[in-house]
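Source: prediction; values computed, not measured.
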Amino acid sequence: EVVRAADASGRYVAAATRLLVWSGQRLKQISELRVDEVSVDEEGRTVLAWSAGRMKAGRRHRIVLGPRAAAALAEAMTLSDGEWVFPSVRVRGRPWDAHGLARLLRSRAVVAESFHVHDLRRSAASAWGEHLGAPVDLIGRVLAHSAVGGITSVYDRSSRMGEIAELMARWGALLGD
């Protein structure tokens, strides 16, 4: 319902909502996504990469988008101002104030008054484990949460981009259009 309501609200809102739902990232990461944080890797996959200074936990974060999320991002890039994927429509040179997204969805009466955009992230993480069988450590990696397991996290520096790409593709397929 949330995606359908966003679709009815225009391309801008639709693309941002789809990226939130299909990537599981924080609202601020998506609303303040910079064009230079988007790339295509050697396998042709769309990658989002944030520097440590832009992340809540203060650590660099990278994810691979599934095909549906990559398509939503491609749509958003057609609206970009060259710096921000979602530029402000009110203040030139600034990112979109995405807190209006929750207000918009509430005004369309598709979500409860208690709805928070973060609920999309929580629901995605729960579904990855419950419906797709994703291990907890992989879910944590996609969400940019601290690694589980004490000393293991000191030694495990793998990106797990292949596993993330597979999870994101399966997630997009499960959600459909």
Side-chain angles (χ1 to χ4, degrees), residues 1-7 14-33 37-52 54-77 85-86 98 101-102 105 110-112 114-177:
E1 280 187 58
V2 171
V3 171
R4 278 193 296 278
D7 285 347
T17 303
R18 286 178 182 273
L19 266 177
L20 286 165
V21 169
W22 287 335
S23 72
Q25 300 309 295
R26 291 181 180 92
L27 175 62
K28 186 172 182 173
Q29 287 171 255
I30 298 301
S31 68
E32 296 183 8
L33 184 63
E37 293 170 332
V38 178
S39 64
V40 176
D41 70 8
E42 61 281 348
E43 296 181 40
R45 304 175 302 198
T46 302
V47 176
L48 303 182
W50 294 271
S51 66
R54 302 245 306 122
M55 294 301 298
K56 181 178 176 182
R59 288 187 315 275
R60 186 172 181 262
H61 179 53
R62 289 175 28 126
I63 64 160
V64 174
L65 296 180
R68 292 175 190 261
L73 179 62
E75 173 71 16
M77 294 292 273
V85 173
F86 297 102
L101 179 61
L105 294 173
V110 296
V111 295
S114 60
F115 171 79
H116 296 279
V117 174
H118 200 77
D119 295 337
L120 299 174
R121 181 174 160 88
R122 186 179 307 105
S123 296
S126 297
W128 296 336
E130 186 174 337
H131 299 291
L132 300 176
V136 172
D137 62 321
L138 183 62
I139 294 169
R141 183 73 55 114
V142 174
L143 298 175
H145 286 172
S146 297
V148 184
I151 197 69
T152 302
S153 63
V154 172
Y155 293 103
D156 181 9
R157 299 291 184 196
S158 62
S159 69
R160 300 183 68 183
M161 294 300 267
E163 291 173 88
I164 292 170
E166 180 184 335
L167 176 62
M168 294 294 99
R170 291 176 54 220
W171 176 233
L174 179 69
L175 292 177
D177 286 325

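To the nearest 0.5 Å, the span separating NE2 on His145 from CZ on Arg59 amounts to 9.5 Å. Trp22 CH2 to Leu65 CG: the interatomic distance, rounded to the nearest 0.5 Å, is 11.0 Å. Atoms CD1 and CZ, on Ile63 and Arg141 in that order, are 13.0 Å from each other to the nearest 0.5 Å. To the nearest 0.5 Å, the span separating CZ on Arg26 from CG on Leu143 amounts to 7.5 Å. Rounding to the nearest 0.5 Å places CE of Met55 at 10.5 Å from NZ of Lys28. The line from CD1 of Ile164 to CD1 of Ile139 is 11.5 Å long, rounded to the nearest 0.5 Å.
Listed by chain and number, the residues in a side chain to side chain contact (heavy atoms under 4.5 Å, CB included) with Leu132 are Trp128, Leu167, Arg170, Trp171, Leu174 (sequence neighbours excluded). Applying the side chain to side chain contact (heavy atoms under 4.5 Å, CB included) criterion to Ala169, with sequence neighbours excluded, gives Pro67. Not counting sequence neighbours, the partners of Glu163 by the side chain to side chain contact (heavy atoms under 4.5 Å, CB included) test are Leu138, Arg160. By the salt bridge (charged side-chain N to carboxylate O under 4.0 Å, His left out) test, Glu75 is found to be paired with Arg11, residues two or more places apart in sequence or in another chain being considered. In terms of the side-chain hydrogen bond (donor to acceptor under 3.5 Å, both in side chains) criterion, Arg60 has no residue partners (sequence neighbours excluded). Arg45 pairs by the salt bridge (charged side-chain N to carboxylate O under 4.0 Å, His left out) definition with Asp41, Glu43, not counting sequence neighbours.
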- Task: Could you walk me through whether Val142 and Met168 pass side-chain contact (heavy atoms from CB on, under 4.5 Å), step by step?
- Result: CA-CA 9 Å; Val142 174; Met168 294 294 99; 4.0 Å; yes

- Query: Are Val38 and Val47 close enough, and set up right, to give a side-chain contact (heavy atoms from CB on, under 4.5 Å), and what steps lead you there?
  - Reply: CA-CA 6 Å; Val38 178; Val47 176; over 6 Å; no

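Results of the side chain to side chain donor-acceptor pair (under 3.5 Å) test with His61 over Lys56, Gln25, Arg54 single out Gln25 as the only residue that passes.
Between the Arg68 side chain and the Gly172 main chain, a donor and an acceptor come within less than 3.5 Å of each other. Proximity of a side-chain donor or acceptor of Arg121 to a complementary backbone N or O of Gly24 within less than 3.5 Å is detected.
Screening residues 122-135 for salt bridge (charged side-chain N to carboxylate O under 4.0 Å, His left out), with sequence neighbours left out, gives Asp119-Arg122.
Between Ile30 and Ser23, the shortest heavy-atom distance links the atoms CD1-OG, 4.0 Å.
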